[in-house]
Amino acid sequence: MVLLFPSSHPKAKGVASDSASEAAGLLKWKASFQNQNNNLLASWNLQSISGKNSSNLPCAWAGISCINGSVNRLNLSEYSIKGSLYDFPFSSLPNLEYLELSLNQIFGSIPREIGNLSKLIYLNFSVNELSHEIPPEIGNLRNLTHLALGRNQLSGPIPDGIGTLHNLIELYLNNNTLIGPIPSTFGNLTKLVKLYLCQNHLYGPIPPAMGYLISLQFLMLYQNNLIGAIPKSLGNLTNLTHLYLYENQLSSPIPKDLGGLKFLTEMEIGGNQLNGSIPISIGNLSNLNELHLRENQFSGTIPKELGNLKKLVVLDLEQNQLSGPLPELLCQNGTLQNITVSENKLTGPIPRSLKYCSSLIRARFNGNHFHGNLSEMFGIYPFLYFIDLSNNEFHGELSSSWGKCKSLTTLKVGKNNITGGIPPEIGTLTQLQALDLSSNYLSGKIPRGVGKLASMLNLYLNDNQLTGSIPQELGMLTKLLYLDLSTNSLNGSIPEHLGDFRYLFHMNLSSNIFTQKIPFQIGKLTQLSELDLSRNFFTGEIPSEFQGLQNLGTFDLSHNNLSGVIPKALVKLPGLLHINISFNNLEGPIPSGRAFMNLTIEEVQGNKGLCGNITGLRACGSSPLIEKHVKDKLKKLLVTILCPLLGSFLLLYAFYGGLILHDQWRKSSGTEDMDVNKGNFFPYVLMTAKHCIKK
């Protein structure tokens with residue numbers, strides 16, 4: 001392509017020539033895009049050429065800025081570019097200082113020619129589809145202050161040459177598949193403020209030379225495979241505000257030197273193998289908002305000095321081996337919003353300061369050895385939406401004050417020693433989605449108000465001493481996913497409205513005193529994966545409507561008083577179903593469907609009338625039920641044949657002709673092998689005679 005720009009001034013000719021070269025290079029790159037109908041780049045064309053504005057080409061194009069007629073800024077972020085950089089005019093843009101191509105669909109590798117952009121200050125290729133290794137020629141861009149290659153598919157090691165870019169202020173290599181160690185040359189980047197190497201596959205130790213990055217504020221190394229100790233030299237990063245080292249394989253104790261990072265606001269070093277005790281010096285981090293030490297191997301007590309962290313908003317210590325009590329002065333300034341100390345070995349009561357910590361939003365104390373009277377240790381929290389106190393040693397009763405925590409969506413107090421009844425005030429928590437009071441010693445009835453909690457998804461009241469019937473109002477919880485009322489003393493019948501739980505995934509009503517028939521409406525719960533009605537006193541037959549439970553994985557009706565035959569419709573149940581119908585009064589053959597193919601004798605025992613091809617179970621050919629059916633059929637035939645003949649003399653005929661008729665009957669009907677002999681045939685004839693006379 002040849003571009004002619006008329007001009008009479010030598011300098012103008014030079015500018016026009018540069019512009020023509022830059023325009024031609026950019027148009028060649030555009031021509032390589034896979035999406036040529038990109039309206040955002042509609043201005044990139046030659047139609048505007050004229051004698052008056054030719055020197056402005058390509059400076060008037062979208063996303064381009066110029067100085068003295070030469071391109072110095074190219075900002076095409078979110079321009080829907082789908083192509084590569086192979087035809088990018090690296091050699092035709094000698095004055096380019098700012099190159100922004102983020103948030104596009106640029107693929108392929110970064111060409112080595114990128115090293116030709118010697119004046120480049122800002123380079124951003126983040127959030128694209130670039131792959132292969134980072135070219136070492138990037139180390140030639142000595143004027144770079146911002147280098148962003150994050151959120152691509154780059155692989156291979158980090159070039160050592162990046163550590164020679166002494167003017168770098170921000171470096172983003174995050175969210176790629178980079179491997180290898182962090183170059184020790186990074187210690188030379190003394191102007192660096194933000195370093196993002198997170199979410200890669202980097203390995204090896206954190207270089208102690210990182211302690212020379214005295215301007216650093218953000219150190220993001222999380223979600224890699226880094227090993228070894230946290231360098232003590234990081235304590236020299238006195239401007240650091242964010243330290244994220246979580247989800248690596250770091251070990252050894254936390255250096256006490258980190259207690260000198262006076263500007264630190266967030267420390268996240270969870271998900272490692274760090275051990276030892278939490279340093280007392282952490283209590284000196286007066287600006288700390290968030291402290292995350294979860295999923296490590298910390299032991300010993302929690303330093304009381306953590307109570308000095310007056311700006312602390314989040315404290316996360318879960319899944320360690322910490323023991324002893326919580327610091328007494330936690331939340332003394334009313335800033336704490338999230339406390340998570342679950343799965344440790346902590347003891348003692350909940351500190352008094354937390355009772356009045358009205359700023360709490362989320363709290364997890366579960367899986368410890370906390371004790372004390374539950375009704376005395378917690379107050380009213382207007383913003384609290386989640387609290388888990390389960391699996392501890394709390395005693396006492398549930399306070400009615402929980403009903404004043406109007407923002408609650410989750411309340412878990414399972415596996416404690418709680419007594420008394422369920423406070424009816426629970427029914428006023430209109431936002432409640434999960435209520436777990438299981439494995440306690442709760443008594444009394446289920447409050448009717450629980451049925452008004454329209455947002456409820458998970459309801460666990462199992463393993464208590466609850467009595468009475470299931471409130472009819474419970475049928476209004478139409479969003480319910482999990483319902484477990486097992487192992488109580490609940491009685492009466494199951495409300496038919498439970499069949500309206502169309503999203504219900506798990507229903508366990510076992511080990512109660514429920515009676516009467518199982519509602520056929522249960523068959524409408526098409527999402528059910530587990531249905532356990534065992535160890536009750538249900539009567540009647542198994543509803544044939546259960547054929548609609550096509551997602552069942554567990555189906556337990558054992559230890560009831562169910563009778564009749566197993567409905568043939570149940571052959572349509574799924575093949576991976578685990579069925580237990582033992583210890584009932586069921587009879588007849590086991591259906592031959594896929595759901596019943598793997599039944600064992602343990603799952604059908606205790607039903608005297610069942611038969612089938614199961615080891616240890618009577619075969620159907622000799623079962624009493626089959627004989628009963630044959631005898632019933634014989635009665636019907638006798639009545640049909642004899643009634644027209646016998647008339648009023650049938651009784652006399654029955655006495656003298658019964659034996660003859662018996663032999664004729666056996667020969668004509670092919671029943672010689674049946675257990676129907678002369679001695680037991682006479683009652684049939686006599687009964688038939690009586691029936692005919694009655695008619």
Tell me, with the steps shown, if S342 and E318 meet side-chain hydrogen bond (donor to acceptor under 3.5 Å, both in side chains).
CA-CA 5 Å; S342 52; E318 71 173 331; 3.1 Å; yes

For a side-chain contact (heavy atoms from CB on, under 4.5 Å) check, start with the C-alpha distance between I581 and D556, then their side-chain angles and the critical distance, and finish with the verdict.
CA-CA 6 Å; I581 53 175; D556 195 342; over 6 Å; no

Starting from the C-alpha separation in whole Å, work towards a yes-or-no answer on side-chain contact (heavy atoms from CB on, under 4.5 Å) for Q527 and F505.
CA-CA 6 Å; Q527 301 302 314; F505 183 78; 5.7 Å; no

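At least one side-chain heavy atom of L315 sits under 4.5 Å from a side-chain heavy atom of L330. Contact annotation: the side chain of M377 never approaches that of K355 to less than 4.5 Å [non-hydrogen atoms, C-beta and beyond]. Looking at K311 and N287, their side chains come closer than 4.5 Å, going by heavy atoms from C-beta outward. By the 4.5 Å heavy-atom criterion applied to side chains, I339 and L360 are counted as neighbours. Looking at heavy atoms from C-beta onward, L552 lies out of side-chain contact with F546 at the 4.5 angstrom threshold. Taking the side chain as every heavy atom from C-beta outward, I387 and L389 approach each other to under 4.5 Å. With contacts defined as side-chain heavy-atom distances shorter than 4.5 Å, the pair V565/L586 does not qualify. Between L525 and M507 the shortest side-chain heavy-atom distance falls below 4.5 Å.
Counting only residues at least two apart or on different chains, the disulfide bond (SG atoms under 2.5 Å apart) pairs with a member in residues 343-457 are C331-C357. Legend: disulfide bond (SG atoms under 2.5 Å apart) pairs involving residues 487-561, not counting sequence neighbours: none detected. Counting only residues at least two apart or in different chains, ring-ring contact (aromatic ring centres under 6.0 Å, His included) contacts with residues 384-411 comprise F378-W402. The disulfide bond (SG atoms under 2.5 Å apart) pairs that include a residue from residues 473-510 number zero, where partners must be two or more places apart or lie in different chains. Among pairs with a residue in residues 490-502, those fulfilling side chain to side chain donor-acceptor pair (under 3.5 Å) read E496-Q521, at least two apart in sequence or across chains. Listed by first and then second residue, the disulfide bond (SG atoms under 2.5 Å apart) pairs involving residues 426-539 amount to none (not counting sequence neighbours).
Under a cutoff of 6.0 Å and an axis angle of 45°, R294 and Y246 form a cation-pi pair.
Of the N and O atoms on the side chains of T335 and N333, not one donor lies less than 3.5 Å from an acceptor on the other residue. Looking at T430 and K452, their side chains never bring a donor and an acceptor atom within 3.5 Å of each other. Between N338 and T340, the side chains place a donor N or O and an acceptor N or O closer than 3.5 Å (distance only, hydrogens not considered).
How far CG of L411 is from CG of L429: 7.5 Å, rounded to the nearest 0.5 Å.
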Would you list the atom pairs, donor with acceptor, under 3.5 Å between side chains in residues 434-442 and any protein atom, with sequence neighbours excluded?
{"unit_1": "D436", "atom_1": "OD1", "unit_2": "S438", "atom_2": "N", "d": "3.0"}
{"unit_1": "D436", "atom_1": "OD1", "unit_2": "S438", "atom_2": "OG", "d": "2.7"}
{"unit_1": "S439", "atom_1": "OG", "unit_2": "D463", "atom_2": "OD2", "d": "3.1"}
{"unit_1": "N440", "atom_1": "OD1", "unit_2": "N416", "atom_2": "N", "d": "3.2"}
{"unit_1": "N440", "atom_1": "OD1", "unit_2": "N417", "atom_2": "N", "d": "3.4"}
{"unit_1": "N440", "atom_1": "OD1", "unit_2": "I418", "atom_2": "N", "d": "3.0"}
{"unit_1": "N440", "atom_1": "ND2", "unit_2": "V413", "atom_2": "O", "d": "3.1"}
{"unit_1": "N440", "atom_1": "ND2", "unit_2": "L437", "atom_2": "O", "d": "3.2"}
{"unit_1": "N440", "atom_1": "ND2", "unit_2": "S438", "atom_2": "O", "d": "3.1"}

If you look only at distance, which donor and acceptor atoms sit under 3.5 Å apart when one is on a side chain in residues 266-274 and the other is two or more places apart or in another chain?
{"unit_1": "E266", "atom_1": "OE1", "unit_2": "Y244", "atom_2": "OH", "d": "2.1"}
{"unit_1": "E268", "atom_1": "OE2", "unit_2": "H292", "atom_2": "NE2", "d": "3.4"}
{"unit_1": "N272", "atom_1": "OD1", "unit_2": "N248", "atom_2": "N", "d": "3.1"}
{"unit_1": "N272", "atom_1": "OD1", "unit_2": "Q249", "atom_2": "N", "d": "3.3"}
{"unit_1": "N272", "atom_1": "OD1", "unit_2": "L250", "atom_2": "N", "d": "3.0"}
{"unit_1": "N272", "atom_1": "ND2", "unit_2": "L245", "atom_2": "O", "d": "3.2"}
{"unit_1": "N272", "atom_1": "ND2", "unit_2": "I269", "atom_2": "O", "d": "3.1"}
{"unit_1": "N272", "atom_1": "ND2", "unit_2": "G270", "atom_2": "O", "d": "3.2"}

Output a table of donor-acceptor pairs, distance under 3.5 Å, between side-chain atoms of residues 218-225 and any protein atom two or more places apart or on a different chain; print 'none' if there are none.
{"unit_1": "Q223", "atom_1": "OE1", "unit_2": "Q199", "atom_2": "NE2", "d": "2.8"}
{"unit_1": "Q223", "atom_1": "NE2", "unit_2": "E247", "atom_2": "OE1", "d": "3.1"}
{"unit_1": "N224", "atom_1": "OD1", "unit_2": "N200", "atom_2": "N", "d": "3.2"}
{"unit_1": "N224", "atom_1": "OD1", "unit_2": "H201", "atom_2": "N", "d": "3.4"}
{"unit_1": "N224", "atom_1": "OD1", "unit_2": "L202", "atom_2": "N", "d": "3.0"}
{"unit_1": "N224", "atom_1": "ND2", "unit_2": "L197", "atom_2": "O", "d": "3.1"}
{"unit_1": "N224", "atom_1": "ND2", "unit_2": "L221", "atom_2": "O", "d": "3.1"}
{"unit_1": "N224", "atom_1": "ND2", "unit_2": "Y222", "atom_2": "O", "d": "3.4"}

Give every donor-acceptor pair under 3.5 Å between a side-chain atom in residues 470-483 and any protein atom, sequence neighbours left out.
{"unit_1": "E473", "atom_1": "OE1", "unit_2": "R448", "atom_2": "NH1", "d": "3.0"}
{"unit_1": "E473", "atom_1": "OE2", "unit_2": "R448", "atom_2": "NH1", "d": "3.3"}

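Not counting sequence neighbours, D532 has no partner by the salt bridge (Lys or Arg N to Asp or Glu O under 4.0 Å) test. Qualifying side-chain hydrogen bond (donor to acceptor under 3.5 Å, both in side chains) partners for E530, counting only residues two or more places apart in sequence or in other chains: H506.
Counting heavy atoms of neighbouring residues, nucleotides and ligands inside a 6.0 Å radius, atom CD1 of I513 exceeds 12 of them.
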